[in-house]
Amino acid sequence: MVSFLDEIRKIEKKWQKKWQNDEIFVANIDSSRPKWFLTVSYPYATSPLHVGHARTYGLGDIFARFKRQKGYNVLWPMGFHITGTPVLAVSWKIKNNDENEWKKMRGFISYYESTKEGIEKVVSSFSEPENVANYFAEKIIQDFLGMGYSLDTTREFTTGDPEYNKFIKWQYSILNNKGLITQGDYPILWCVNDKNAVGEDDIQDGDELNVEVNEFVGIKFKLDNDVFLVAATLRPETIFGATNVWIHPNATYNEISIDGEIWIVSKEATMKLLEQNHEIEIKRELKGDELLDVYAEVPITGRKIPVYPAIFVDTDHATGIVYSVPGHAPYDHAAIADLQKDEETIAKYNLNSENLKEIEPISLIDVKGYGEFPAVEICQKLGVKSQEDRDKLEEATQTIYKDEYYSGIMKSNTGDYVGLKVEEAKNKVADTLFEINLASPIYEPSTKAFCRCGGQIIVAIIQNQYFLNYGNPEWKEKASKALNQMLITPDKYRLSFENTFDWLDKRPCVRRRGLGTEFPFTEGEGWIIESLSDSVIYMAYYTIVRHIKENKLKPEQLKPELFDYVFLSKGNIKDLVKNSGITEQTINQMKQEFEYWYPNDLRHTAVHHISNHLSFAIFHHTAVFPEKYWLPAFSLNEMLSRDGEAMSKSKPNVIPIAQVPNKYSVDVTRLHLASIATPETVLEWKEDEVNFALQRLRKFWEYSLSVINVSNKEKIEFSFLSKVFIASVKTNLIKAMESIERFSAREYILEGYYSNIRAIDEYHKFAKHLPEMEKKTALQEVIEMMVVTMAPAIPHICEELNERMGNKDYISLKQIPDIDVSDKDLLYALQAKYMTDLIEDIDQIVKLVKTKPKKIHIYVNADWKNELYELAKTIFENEAVQIGKIMASAKESAKLNNYMSEIANEVKLMFKDPTIFRIETLSAKNQENAILGFKEFISTKYENAEILIHLSDRKDIYDPQNKSQKARPMKPALLLE
RNA sequence: GCGGAGAUUGCCGAGUGGUCAAAGGCGCUGGAAUGAGGAUCCAGUCCUUAGUGGUCCGGGAGUUCGAAUCUCCCUCUCCGCACCA
């Protein structure tokens with residue numbers, strides 16, 4: 001027997017093939033229909049995609065399909081990102097026989113190749129970067145089509161295409177013309193061996209080390225001979241507590257002439273400074289001990305302090321010279337304490353021991369939780385014995401740094417900075433020092449790190465680096481205006497954009513490494529446009545790429561004037577034809593297509609792009625295009641995790657898209673991914689829960705098949721239960737349609753699909769006694785509505801059902817009709833809810849009494865109670881609920897003032913739970929009708945108990961326990977006998 | 001560091017001023033079916049009760065006729081910030 005899974009898997013493949021063969025998702029200009037242009041960010045082609053990506057693309061597909069079925073001419077194209085370093089990194093590692101990379105790639109390729117030889121062959125081919133990109137681009141598209149995505153694949157391109165590079169150059173010429181590109185110095189991580197910039201990829205253990213650039217303040221301590229000892233610090237505010245300077249006695253130092261001054265720094269530091277944009281000449285080399293016991297002048301305070309030896313000084317860290325603040329720096333405290341009792345060293349370097357003994361810590365910061373000298377305190381607390389207790393000293397330093405930074409206040413001995421928080425003082429002191437030219441920035445990596453080539457990593461300053469100036473006020477303002485007009489969904493991400501916009505400033509936009517478009521203003525110098533610039537206006541390129549390919553246009557034909565004309569309507573077509581050699585017809589086609597499709601109506605992507613590419617996309621659109629082409633809407637979703645860890649390409653917890661069709665099923669996975677959580681939550685993938693989607697899909701399939709061939713020749717008059725059923729389904733579908741209009745795919749599926757499956761279940765439960773033909777006809781009506789409305793989510797199964805219903809058209813292209821819900825339908829839906837509650841109540845009591853009732857008396861409330869509830873609802877719609885007010889109003893009501901004593905009691909009850917003033921109620925008559933409609937079901941459910949309905953308004957009803965009094969609208973009273 | 005988001009019943013995850021004891025799933029318990037298991041189906045799953053009552057949404061205080069939802073404080077968790085994309 002063929003299992004359901006096998007069957008739908010076959011169906012999925014069948015329809016994908018048909019869609020492709022008939023090219024039903026290829027989009028062309030059609031001015032008779034409104035257009036809708038969707039983009040989902042193109043994937044990076046260095047690995048196969050996984051179900052986490054399928055969450056993002058799957059949502060996009062639901063939107064695209066929905067719009068298509070709502071009468072829009074939908075364009076959803078796909079391209080590939082291959083620029084930047086990743087492709088090269090993969091290739092480099094494969095070429096250099098990096099074991100891990102080989103292993104990783106073998107794993108990836110095994111999704112697609114079945115033989116060992118096949119896998120090896122593909123991986124070996126990755127030594128050529130273009131093979132990496134081409135292979136994965138092809139596989140990713142294959143995976144996408146295998147998920148049933150309704151892509152227009154005729155517009156594929158990669159960011160490495162030479163034609164595309166022309167487009168990016170055009171973008172940069174516009175940005176440059178508008179003055180949005182600026183130049184300046186910029187510190188970067190740099191390998192001394194390669195003489196090149198490095199990224200995380202290039203650093204040994206780069207992902208763990210997390211190396212950053214730190215800016216130290218190199219403070220200049222003047223010696224008598226106008227030479228400066230330069231001590232670098234992250235805490236310039238402690239300058240007021242300096243007691244001495246530390247030098248490593250055995251290390252080698254250089255005296256250098258730098259930018260017109262003479263400095264002494266460690267030999268290693270000299271080498272680093274050479275890369276940091278200075279004029280440097282090395283005068284001489286000297287040993288540390290040559291500098292001991294001389295005096296240096298502290299900037300700002302002007303005090304003279306001695307130079308002492310310390311072995312904790314690391315000459316490969318910053319300048320290799322340290323100024324000592326024993327009151328607030330644990331290392332300094334430990335070192336000075338060591339030295340003061342170290343007669344041997346004092347003698348060895350012939351230090352003036354009286355002066356040395358006089359050195360006392362200086363207190364300059366008030367810190368909560370500490371006394372005068374925090375460093376001394378913490379060293380005692382942690383039991384630091386000497387400057388060689390490195391671990392403890394590290395810990396002490398971290399703790400003090402944090403505590404002083406957040407809660408420290410500058411003391412009275414700190415000149416202009418008295419009373420400032422350390423957080424502020426730190427920068428102010430640094431600024432002052434820079435101003436009076438007694439300090440200079442020194443850059444150093446946050447951690448010692450080495451390049452994969454073995455070279456040390458330092459910080460270099462790139463001069464005249466190019467930046468995109470997102471800080472440009474006019475640009476920012478324009479972008480903010482664009483943002484304010486946009487739809488962002490879920491809306492909570494709007495704030496993230498606003499914050500990003502706030503801090504966005506200059507961003508370096510050229511790179512030394514990686515694939516990409518050559519930077520047009522420094523041709524031949526080896527500068528590449530940074531790769532995010534490839535991803536900000538490329539949506540426009542989709543509209544024209546087909547014409548470039550079909551007409552085999554050459555890159556050199558794609559002159560800036562062409563793009564100016566097509567995108568901005570600038571220039572003269574005759575000249576353009578002459579200059580480019582492209583026909584007038586082709587140029588006009590490109591222009592028309594752009595103008596037809598643009599703007600990009602919705603861009604859907606994962607949230608982690610907010611702070612970069614999505615924000616940049618807004619910026620660049622405002623810079624390049626006129627307002628009518630700005631981006632109107634973004635929709636976002638979070639990522640996917642498994643076992644609590646983000647599913648990411650480099651981890652073993654991934655489920656590749658390639659395995660979805662056979663491991664699960666496409667429609668099941670689509671349904672699950674879109675409905676299990678709202679887009680803004682990180683979704684945890686659980687196998688067990690996928691199964692739920694499968695069961696529901698099967699149920700839908702079976703229900704559908706059971707009515708597919710039903711043909712009802714005579715018109716069937718639906719009974720109450722059937723009407724209620726159809727009304728509930730319609731109400732659910734209306735909610736579903738409203739949801740998907742807002743791009744809430746989860747609600748759409750929950751309401752339109754899961755709720756309706758449940759409604760069908762319920763109907764079958766309640767309507768057992770109805771004639772078969774009526775049940776089938778009602779179900780058929782419902783299934784027909786569901787097949788067309790749910791096709792965007794589960795297109796394959798819906799196509800199949802549509803076909804089996806005898807239709808020749810594609811459900812993927814079929815219009816979703818407007819669903820009418822009449823007042824009558826709303827009433828039915830309310831009655832259904834009323835009955836669900838009532839049956840639950842009966843159930844509850846039956847369980848409590850533990851005997852089987854022979855008679856079930858249902859007491860429907862007196863009419864005046866509805867009147868009272870309605871009155872309360874009106875009065876308290878917008879104001880505080882008060883008992884006196886309702887009594888007074890009731891008294892004035894002709895209908896109610898006869899019942900004032902009962903009302904007094906009722907109102908008291910009502911006030912126990914003021915929420916009661918909000919509910920929708922049913923009149924006694926409508927309650928009765930509902931109960932009558934369900935009477936047979938209830939009776940059967942309780943083993944043919946007799947159902948008796950009593951209207952409390954009637955005089956001589958059977959009511960031995962006076963239950964009728966307790967009946968409330970929507971809550972009838974019960975008596976079981 | 002800078003900036004942001006969040007904490008819901010055994011777990012995941014909806015709900016963001018009013019039928020909210022709080023959807024749905026998972027798990028668990030019982031039943032149906034079965035050679036057994038799995039899968040499936042049905043029912044139950046805070047406490048109490050011939051019902052319409054109590055307690056509850058990280059902890060504490062407050063606003064309101066009414067708070068999971070709003071405000072303040074506290075505790076904890078997560079995310080983004082690169083010559084990565």
Side-chain angles (χ1 to χ4, degrees), chain A residues 3 41 43-44 46 81 83-86 89 186 188-190 196-202 206-207 210-213 402 405-406 423 462 465 492-493 495-496 498-500 502-503 508-514 527-528 530-532 534-535 607-613 638-639 646 672 675-678 680-684 686-696 698 746-747 750 754-755 758 765 833 837 840-850 853 876 879-883 885 909 911-920 961 963 966-968 970-976:
Chain A
S3 76
S41 51
Y44 203 91
T46 45
H81 199 187
T83 39
T85 50
Y186 189 66
I188 51 154
L189 294 172
W190 179 269
N196 207 343
V198 291
E200 193 182 280
D201 268 351
D202 308 311
D207 48 337
N210 195 13
V211 187
E212 289 168 50
V213 171
K402 240 185 167 166
Y405 185 81
Y406 288 116
E423 215 175 328
I462 301 290
Q465 165 77 311
K492 74 171 206 177
Y493 293 118
L495 189 64
S496 311
E498 285 167 1
N499 289 323
T500 304
D502 277 349
W503 61 251
C509 64
V510 291
R511 300 283 140 94
R512 272 286 185 206
R513 359 180 346 263
W527 289 102
I528 302 292
E530 65 83 35
S531 70
L532 274 177
D534 288 334
S535 315
V607 292
H608 67 265
H609 291 129
I610 291 176
S611 62
N612 43 59
H613 128 219
E638 259 292 354
M639 52 172 198
H672 178 70
S675 65
I676 191 74
T678 46
E680 67 264 33
T681 46
V682 176
L683 184 115
E684 174 73 17
K686 291 184 177 171
E687 300 284 328
D688 283 346
E689 292 182 353
V690 183
N691 195 38
F692 167 74
L694 175 65
Q695 295 319 323
R696 289 303 151 115
R698 174 152 88 181
R746 178 187 148 85
E747 258 181 89
L750 252 40
Y754 290 117
S755 295
R758 230 170 289 133
K765 205 165 77 186
K833 182 181 166 21
D837 290 350
E840 231 169 71
D841 281 351
I842 300 174
D843 256 346
Q844 203 181 102
I845 298 168
V846 167
K847 233 168 262 155
L848 286 172
V849 293
K850 292 188 187 100
F876 301 130
E879 60 180 294
V881 172
Q882 295 166 39
I883 215 156
K885 188 135 189 173
L909 279 174
F911 270 78
K912 277 181 140 179
D913 177 14
T915 58
I916 203 105
F917 299 115
R918 298 285 149 167
I919 60 171
E920 290 282 321
Q961 294 188 22
K963 290 278 185 188
K966 294 192 173 167
R968 298 196 318 218
M970 297 309 277
K971 194 84 185 173
L974 292 167
L975 176 67
L976 308 196

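Hydrogens, waters and symmetry mates are skipped; everything else that's a heavy atom, side chains included, is used. The chains referred to below are lettered A, B, ... by the order of the sequence lines, with proteins before strands, and numbering in each begins at 1.
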Extract from the structure each pairing of a protein N or O with an N or O of nucleotides 12-14 of chain B at less than 3.5 Å, listing the distance.
residue : atom : partner : partner atom : Å
B:C12   : O4'  : A:K686  : NZ           : 3.4
B:G13   : OP1  : A:V682  : O            : 3.4
B:A14   : OP1  : A:T678  : N            : 3.2
B:A14   : OP1  : A:T678  : OG1          : 2.3
B:A14   : OP1  : A:T681  : OG1          : 2.8

Quick test: give all pairs of protein nitrogen or oxygen and nucleotides 2-5 of chain B nitrogen or oxygen below 3.5 Å, distance rounded to 0.1 Å.
residue : atom : partner : partner atom : Å
B:C2    : OP1  : A:E423  : OE2          : 3.4

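Of all nucleotides listed (B:A85, B:A50, B:C26), B:A85 comes nearest to the side chain of A:Y44. Distances from the side chain of A:Q844 to the nucleotides B:U49, B:A50, B:U19 place B:U49 closest. Of the candidates B:C83, B:C26, B:A85, the closest approach to any side-chain atom of A:T85 belongs to B:A85. Taking the side chain of A:S611 as heavy atoms from C-beta on, and the options B:C83, B:C81, B:C26, the nearest nucleotide is B:C81. In this structure, of B:C83, B:U19, B:A85, it is B:A85 that holds the atom nearest to the side chain of A:S531. Here the nucleotide nearest the side chain of A:R968, chosen from B:U19, B:C83, B:C26, is B:U19.
Among the protein residues, A:S755 comes within range of no part of the nucleic acid, since none of its heavy atoms lies under 4.0 Å from any strand. Counting non-hydrogen atoms under 4.0 angstrom, A:A973 reaches a base of the nucleic acid. No contact: A:Y493 has no heavy atom under 4.0 Å from any strand. Within the nucleic acid shown, A:H81 comes within 4.0 Å of sugar-phosphate atoms alone, with no base atom in reach, counting heavy atoms only. Within 4.0 Å of A:V198, counting heavy atoms only, lie sugar-phosphate atoms of the nucleic acid but no base atom. Residue contacts for A:I842: at a heavy-atom cut-off of 4.0 Å it reaches no nucleic acid atom on any strand shown.
Put simply, A:Q695 has a side-chain N or O that comes within less than 4.0 Å of OP1 or OP2 on B:U40. A:T46 has no side-chain polar atom (N or O) that falls below the 4.0 Å cut-off from OP1 or OP2 of B:A85. OP1 or OP2 of B:G25 lies within a sub-4.0 Å distance of a side-chain N or O belonging to A:R696.
With sequence neighbours excluded, the residues that form a side-chain contact (heavy atoms from CB on, under 4.5 Å) with A:Q465 are A:Y186, A:I462, A:F467, A:P508, A:V510, A:W527. Applying the ring pair (Phe, Tyr, Trp, His ring centres under 6.0 Å) test to A:H81 and every residue at least two apart in sequence or in another chain returns A:Y42, A:Y44. Taking the side-chain contact (heavy atoms from CB on, under 4.5 Å) definition, one finds that A:L683 meets it with A:R55, A:L640, A:L673, A:I676, A:A677, sequence neighbours left out.
Of all heavy-atom pairs spanning A:L532 and A:E530, the tightest one is N-OE1, 3.0 Å. A:L976 and A:I842 get closest at one heavy-atom pair: CD1-O, 4.5 Å. What you find for A:R746 and A:S675 is that their closest heavy atoms are NH1-O, 2.7 Å. Annotation for A:R513 and A:V198: closest pair NH1-C, 4.3 Å, computed over non-hydrogen atoms. Taking each heavy atom of A:S496 and A:I610 in turn, the nearest pair found is CB-CG2, 3.9 Å.
B:U45 and B:A22: their P atoms are spaced 11 Å apart (whole Å). Taking the P atoms as reference points, B:A36 lies 14 Å from B:G31, given to the whole Å. Taking atom P in both B:U9 and B:U69, the straight-line distance is 14 Å, to the nearest Å. B:A82 and B:C2 have their C1' atoms separated by 15 Å, with the value rounded to a whole Å. As rounded to the nearest Å, B:A23 and B:U8 have C1' atoms that lie 13 Å from one another. Straight-line distance between the C1' atoms of B:A7 and B:C74: roughly 13 Å, to the nearest whole Å.
Proximity of a side-chain donor or acceptor of A:Q961 to a complementary backbone N or O of A:K963 within less than 3.5 Å is not detected. Judged by distance alone, the side chain of A:S755 and the main-chain N or O of A:L750 form a donor-acceptor pair under 3.5 Å.
No donor-acceptor contact under 3.5 Å links the side chain of A:N691 to the base of B:A39.
Residues A:N691 and A:E687 have side chains not in contact (no heavy-atom distance under 4.5 Å, counting atoms from C-beta outward). Under the 4.5 Å side-chain criterion, counting only non-hydrogen atoms from C-beta, A:R758 is in contact with A:R696. At least one side-chain heavy atom of A:L189 sits less than 4.5 Å from a side-chain heavy atom of A:V213.
With a cut-off of 3.5 Å on both pairing distances, the Watson-Crick and G-U wobble pairs of RNA chain B assemble into stems of 3 or more at B:1-7 with B:75-81, B:10-12 with B:24-26, B:27-32 with B:40-45, B:58-62 with B:70-74.
The NZ-P distance, from A:K963 to B:G51, rounds to 6 Å in whole Å. Look at CZ on A:F692: it is 17 Å from C1' on B:C11, rounded to the nearest Å.
The 12-atom threshold is exceeded at CD of A:E680, counting heavy atoms of other residues, nucleotides or ligands nearer than 6.0 Å.
Each of A:Y754 and A:I845 lies near RNA chain B, and the nucleotide nearest A:Y754 is the one positioned closer to the 5' end.
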